Each structure stands twice: as structure tokens, then as C-alpha cells.
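Note sheet for the following structure.
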2 protein chains.
Amino acid sequence: MAKTKMTKRKIQALNTRQKIFDTALQLFNKKGYDRVTVDDVCKKAGISKGTFYNYFKSKDQIIIEEFLKIDHYYQEMLPEINSKESYLERMKTFARLSLKYISEQGAPTVRIAYYSQLSPSIKTSPIVSPKRPLYQMAERLAREAQENGELRGDIPSEEIANTVIRAMRGIIYEWCLHNGKFDLEEAGEELVQILVHGLLP
Amino acid sequence: MAKTKMTKRKIQALNTRQKIFDTALQLFNKKGYDRVTVDDVCKKAGISKGTFYNYFKSKDQIIIEEFLKIDHYYQEMLPEINSKESYLERMKTFARLSLKYISEQGAPTVRIAYYSQLSPSIKTSPIVSPKRPLYQMAERLAREAQENGELRGDIPSEEIANTVIRAMRGIIYEWCLHNGKFDLEEAGEELVQILVHGLLP
DNA sequence: GATAATATTATACTATAGTCACTGACTAGA
DNA sequence: TCTAGTCAGTGACTATAGTATAATATTATC
């Protein structure tokens with residue numbers, strides 16, 4: 001951080017950006033995303049519309065940015081994950097903590113995040129970038145579990161990670177459709193249970 | 001069908017509706033959903049905007065309606081599904097045929113369908129209605145498989161159906177994000193494989 | 001067949017996300 | 001310290017989904 005010299009301009013820019021971000025989230029939380037116009041945000045933040053779009057490509061970028069903070073959170077998960085003896089347990093903990101975090105963000109926020117990723121104006125979605133800590137971590141956990149003989153070795157670890165993440169995403173998508181009416185963590189627990197043990201008698 | 005008397009008006013209305021529907025889909029396919037305005041559709045179909053909104057709540061209703069035609073398709077699947085001896089095979093066939101149908105609809109269409117379901121203006125999404133043939137059928141197949149000892153019996157069949165559908169939805173969601181760049185049926189095959197047999201060695 | 005009721009259509013309008021050309025303050029190099 | 005160039009900031013403008021209202025065509029009733 002702070003690699004380049006901090007000129008007045010840059011400080012001002014960061015402040016303005018932050019003010020827009022905070023104001024927007026505050027309004028979204030109070031009135032709901034779709035009941036808040038960009039003009040509302042600008043007025044409250046005391047800036048012009050042009051400035052808003054100077055810092056954010058679109059209204060939903062605010063939500064995306066908030067949503068993707070989960071990627072920092074993965075670091076904090078590590079101690080709890082590594083505290084588990086079994087690698088299978090580690091994977092389960094990873095899934096549980098991820099869903100817990102998403103659950104805490106609240107269905108409205110996550111819904112907008114998932115919604116905007118499908119928007120016609122978006123060409124490639126950041127949430128499926130393989131560079132995300134989410135993928136890195138899931139793959140590593142799967143690989144370690146395989147190396148220790150706790151998971152079958154005939155499927156590449158990347159594919160296992162992919163499959164688990166996709167399945168979790170299906171739950172999240174549906175959780176959004178139901179506006180958070182069911183327990184996300186519980187549903188996740190069950191899914192992972194089935195993924196691991198299968199449905200055979 | 002055709003329960004009420006077909007007055008001139010009603011015939012006219014149906015024709016108009018169909019013309020709007022066909023024209024819209026044709027334009028969407030040619031230029032892409034977001035490159036086509038409602039006014040374009042109206043102009044091409046030779047009707048006014050008011051007429052469009054008389055028949056369709058919103059622009060994306062066209063896509064939803066097209067997408068939900070899959071619910072009719074489940075009937076046609078039955079022979080192929082029932083031709084399988086094993087109930088597990090039937091479930092797999094069901095999943096495969098569903099994904100095949102969706103794959104054939106094309107990523108752009110499905111993307112809009114999934115997108116619009118998350119729109120802030122929608123309160124309850126039709127695609128997660130438990131009344132849908134999709135759910136009915138998945139539950140029945142799971143139940144029959146259980147009754148014949150081909151699936152574990154400690155999970156209610158509804159839950160199994162739910163889990164499988166959610167997981168499939170996760171794949172579809174991601175397929176949309178990737179604009180159909182991977183093979184949906186193949187990914188589905190693999191997922192069902194894992195769901196059924198699990199990830200244990 | 002005149003007329004009231006209603007279904008259908010046309011158009012002007014509203015709301016709001018996002019764009020663009022411009023301004024003037026700030027920075028950096030001489 | 002002067003000056004060229006950059007960048008934060010502005011607000012009028014555009015595009016387009018959706019609405020409200022007025023007009024017209026069709027049917028039902030007498």
C-alpha cells in the first residue's frame with residue numbers, strides 16, 4: 001500500500017471514493033438497493049454524478065466491492081481450518097465458514113452481487129476468476145485431502161474444488177431467490193455431507 | 001384449451017400476443033437481448049408499446065416464458081427415463097436430459113432467465129415453485145430409487161431432489177457466467193456422479 | 001340498430017442509469 | 001516561479017424501461 005507519493009489530489013480522491021462508498025452502502029442498507037437512486041447517493045455524499053461514475057463503473061459496483069471483501073476473509077479463516085486434524089474436516093470447515101460469511105452479508109446484498117454478475121453489460125465476472133483465494137484455497141484443501149488418502153484420487157483436485165464451489169453457488173443462488181428465508185449454513189452442511197459421502201445406501 | 005368462446009377479439013388478442021412473442025425472440029436471437037429495445041420489438045411487430053405491456057409484464061417476461069417451456073418438455077422425457085431398468089439410471093437420465101434441454105436453449109437465453117429471477121422487482125420467482133414438474137419429477141424419481149433400495153433412505157426424497165436441483169442450478173449459473181463456454185451436460189454428468197457416489201476413496 | 005360497457009391500441013410522459021464535453025485546481029519539470 | 005499537462009469534479013444530456021391517459025374498435029344489451 002501507499003507505494004506512490006500521496007499528493008493532495010490522491011488523498012482527496014481516496015477520500016471522495018470512500019465517502020461515496022460509505023454513503024451508498026448506508027443508504028442501501030436503510031432503504032434497499034432498488035429504492036436508492038444514484039442521484040440520492042450523490043446528493044447525500046455531496047458530490048456530482050460524474051464523480052460517482054469516475055470512481056465506480058456502475059451502481060452495483062458498490063455491492064460487488066463489498067461482496068468481494070470475502071476474499072480477505074479467507075486469510076482469517078486459516079487458523080480455524082488448520083486447527084482440524086482431518087483434512088475432510090478442514091474442507092467442511094472451509095465450506096461452513098464461507099457460507100457463514102455470506103449469510104452474514106445478508107440476502108439483499110448477495111442477491112445484488114449475484115444479480116449483477118449476470119447483467120448483459122458484464123463480459124467476464126470477477127467472482128469466477130480462478131485467481132480468487134476462494135478457488136486457490138478450495139483446490140489446496142482438496143489436494144491435501146487427496147494426498148492423505150481422505151478423498152478419492154481419480155478426480156483432479158481442481159475439479160473437486162470446482163464442483164464443490166459450483167454446488168455451493170447453487171445453494172446461494174436459491175437462497176437469494178428465497179430472500180434468505182432458509183438457513184444457508186444448514187443447507188450447506190447437508191450438501192457437503194452428500195457430496196462427500198454420496199447418496200448410495 | 002379453448003374453454004371460453006373464441007370471439008373475434010380473443011383471436012385477435014392471441015395473434016397479437018404471439019406476434020409480439022415471436023418477433024421479440026427473433027430479434028433477441030439476432031441482435032442479443034440487450035441490443036434490442038422494447039420499441040424495436042414494437043416497431044417490427046407493428047404494434048404499440050402499450051400493447052406490448054398489455055401482454056407482457058416486462059421485457060424479460062418473453063425470455064422467462066420461453067425458458068419455462070422446459071416444464072412441458074418433462075412429459076416428453078418420460079419414455080426415455082422409464083426405459084431405464086435402474087432407478088439410479090433414471091435419475092441420471094433425468095438430469096442429463098434437463099441439462100441438454102437447457103444447453104440447447106443457449107446461454108444467452110438462460111442467462112437472462114436466471115438474471116431476471118434475481119431482479120429487485122421480483123418478489124417470488126416462478127422457477128423455484130415446488131409445483132413445477134421439475135420438482136415433482138425429481139422427488140418422485142428419488143423416492144422410487146429409495147423404495148427400491150438404490151438410494152439411502154435416511155434423507156427425505158424432497159431433500160434429495162432439492163439438493164440435486166440446487167447443485168445443478170449452481171452449474172447452470174456458472175455456465176451462464178461463462179457464457180456457455182464449457183459443456184453443460186458433461187459438467188452435469190460429473191456432478192451427478194459425485195453426488196451419487198460421493199468423494200470418499 | 002343505437003348505445004353502454006369493455007377490450008384493445010397509440011402516444012406522451014416519467015424515472016433513472018449511465019455518458020460526455022468541459023472546467024479549473026493541482027502536480028511536476030524547467 | 002512559470003507553464004504544460006493531468007485529473008478530480010460538474011451537470012446537462014441521452015437512452016430506454018415502464019406508466020398513465022386518451023382514443024378507438026369490438027361486443028353486449030336493450
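Fair warning: this is a prediction, and the values are worked out from it, not measured in the lab. Just so it is clear, the values below take in all heavy atoms, side chains as well, and ignore hydrogens, waters and symmetry mates. Residue numbers start from 1 in every chain, and the chains themselves are labelled A, B, ... in the order their sequence lines are given, proteins ahead of strands.
- The two atoms that bring B:Ala142 and B:Ser157 nearest to each other are CB-O, 4.0 Å, heavy atoms only.
- Between A:Ile62 atom CD1 and C:dG18 atom P the separation is 11 Å, expressed in whole Å.
- By the 30° and 60° cut-offs, the orientation of the rings of B:His178 relative to B:Phe182 is perpendicular.
- Nucleotide C:dA25 holds its C1' atom 17 Å from the CG atom of A:Asn15, rounded to whole Å.
- Using a 3.5 Å distance cut-off with no hydrogens or angles, the side chains of B:Thr51 and B:Asn54 do not pair a donor with an acceptor.
- The side chain of A:Lys49 places no N or O atom within less than 4.0 Å of a non-bridging phosphate oxygen (OP1 or OP2) of D:dG11.
- Distance, B:Asp39 CG to C:dC13 P: 15 Å, rounded to whole Å.
- Atom-to-atom, CG of A:Asp34 to P of D:dA17 comes out at 18 Å; the value is rounded to the nearest Å.
- As rounded to whole Å, 17 Å separates atom P of C:dT8 from atom CZ of B:Phe52.
- Looking at A:Gln75, its side chain never comes within 3.5 Å of a backbone N or O of A:Pro133 through a donor-acceptor pair.
- Counting only N and O atoms by type, the side chains of A:Thr37 and A:Asp39 include no donor and acceptor under 3.5 Å apart.
- Atom pair B:Leu14:CG and C:dT8:C1' shows a separation of 13 Å (rounding to whole Å applied).
- Dashed line: the shortest gap from a side-chain N or O of A:Ser48 to OP1 or OP2 of D:dT10 is under 4.0 Å.
- Screening B:Tyr73, B:Tyr74, B:Phe67 for a ring pair (Phe, Tyr, Trp, His ring centres under 6.0 Å) with B:Tyr101, the sole residue that qualifies is B:Tyr73.
- Considering only the side chain of A:Ile47, D:dT10 comes nearest among C:dA10, D:dT10, D:dG18.
- In this structure, A:Lys8 atom NZ and C:dG24 atom P are separated by 19 Å, rounded to whole Å.
- When only modelled atom types and interatomic distance are considered, B:Ser116 and B:Ser119 share no side-chain donor-acceptor pair under 3.5 Å.
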Under 3.5 Å, which N/O atoms of the protein pair with N/O atoms of nucleotides 5-8 of chain D?
unit_1	atom_1	unit_2	atom_2	d
D:dT6	O2	A:Arg9	NH1	3.1
D:dT6	O2	A:Arg9	NH2	2.5
D:dC7	O4'	A:Arg9	NH1	3.3

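- Look at A:Tyr53 and you won't find any side-chain N or O under 4.0 angstrom from OP1 or OP2 of C:dT19.
- The CG-C1' distance, from B:Asp40 to D:dA17, rounds to 13 Å in whole Å.
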